[in-house]
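To start, the structure under review is shown below, and the notes come after it.
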There are 2 protein chains.
Amino acid sequence: MGDVFKALADETRRAILDELAERDDQTLFEICSRLAMNHGLGSTRQAVSQHLDVLEEAGLIHSERRGRYKFHTLDTSPLAQIAERWHPKDSP
Amino acid sequence: MGDVFKALADETRRAILDELAERDDQTLFEICSRLAMNHGLGSTRQAVSQHLDVLEEAGLIHSERRGRYKFHTLDTSPLAQIAERWHPKDSP
DNA sequence: TTGACATGCAAGTGGCTGCTTGCCTAAGCT
DNA sequence: AGCTTAGGCAAGCAGCCACTTGCATGTCAA
């Protein structure tokens, strides 16, 4: 699952996860404005949209379309295995 | 600490961490041969050396020079904060 | 000291990636 | 219907990054 690591490699994408961790079910424009407000990031709508694609591809967020809005929710389950991959070896 | 995430974004670097998780105090050539044996990676010595620099910059490994050998050891402590950064929010 | 071995340094290159630009689709409101 | 709003698609561009190539440094053994 190298997609998860590559998705986390970008600062803007980590900021998006930060925002979704504070409030779920946010639309694209909500995320855009919150990135500008809370993180000082002036990313374009298309740029954020592409970031959301990468994050969803990695399984870190899920999206659901309701009417003309698309709501995004955080999924932290792929992060669990990261810390556990390089466990210090227990000698037998 | 974006360096940690960027360091983990590369497959070869993750394989290096895998090898160091199994045995500490490995030299550059040991790591090279183990990458070829266990992971099927035909990386050059210089390529692996640069990967080791990135990993050390990120604080994921430490190195110690003894004579003409340089031994590398794994340090998993930067990984702890990763899983804890996007904790599900506890409602007050 | 001489040679072999382990590693370091630095410039150059190809491919990936984040971002922009421009246009398009679709849903809701009046 | 007509307009606005939320989002999607795709091509192009610039910077970064992993890798190579060639040479240099330093250490041990004979």
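Residue numbers start from 1 in every chain, and the chains themselves are labelled A, B, ... in the order their sequence lines are given, proteins ahead of strands.
Taking 4.0 angstrom as the limit, B/K6 places none of its side-chain polar atoms (N or O) nearer than this to OP1 or OP2 of D/dC16. Within the 4.0 Å cut-off from OP1 or OP2 of C/dT20, at least one side-chain nitrogen or oxygen of A/T44 is found. Contact annotation: B/R13 side-chain N/O to D/dA18 OP1/OP2 distance is under 4.0 Å. The side chain of B/S49 places an N or O atom within less than 4.0 Å of a non-bridging phosphate oxygen (OP1 or OP2) of C/dG8. Within the structure, a side-chain polar atom (N or O) of B/H51 is placed less than 4.0 Å from OP1 or OP2 of D/dC19.
Side-chain polar atoms of A/E19 and A/H39 form a donor-acceptor pair below 3.5 angstrom.
We find that CD of B/E11 is positioned 16 Å from C1' of D/dC17, with the value rounded to whole Å. To the nearest angstrom, C1' of D/dT27 lies 15 Å from CG of B/L28. In this structure, A/L52 atom CG and D/dA6 atom C1' are separated by 13 Å, rounded to whole Å. Spacing between atom OH of A/Y69 and atom P of D/dT4 amounts to 16 Å, rounded to whole angstrom units. Separating the CZ atom of B/R45 from the P atom of C/dC5 is a distance of 13 Å, rounded to the nearest angstrom. Between the CG atom of A/D3 and the C1' atom of C/dC16 there is a distance of 14 Å, given to the nearest Å. In this entry the distance linking CZ of B/R65 with C1' of D/dT27 reads 8 Å, nearest Å. Straight-line distance from the NZ atom of A/K70 to the P atom of C/dA27: 14 Å, rounded to whole Å.
Closest approach of B/L8 and A/F5 over heavy atoms only: O-CB, 3.4 Å. Between B/D24 and B/L20, the shortest heavy-atom distance links the atoms OD1-O, 3.3 Å.
Closest approach to the A/T12 side chain among C/dG28, C/dC19, D/dG8 is made by C/dC19 (side chain taken as heavy atoms from C-beta onward). The side chain of B/D10 lies closest to D/dA18, out of C/dT20, D/dA18, D/dT20.
Summary of the strand contacts: B/Q50 and A/R66 both lie near DNA chain C, and taking for each the nucleotide with the nearest heavy atom, the more 5' one is attributed to B/Q50. Residues B/G67 and B/Q46 each lie close to DNA chain D; by heavy-atom proximity, the contact nearer the 5' end of the strand is made by B/Q46.
Each of B/I31, B/T12, B/I16 was checked for a side chain to side chain contact (heavy atoms under 4.5 Å, CB included) with B/S43, and the lone residue meeting it is B/T12.
With a 6.0 Å cutoff to the six-membered ring centre and a 45° limit on the axis angle, A/R66 counts as a cation-pi contact of A/F71.
Residue contacts shown for B/S43 are absent, as no nucleic acid heavy atom lies under 4.0 Å away.
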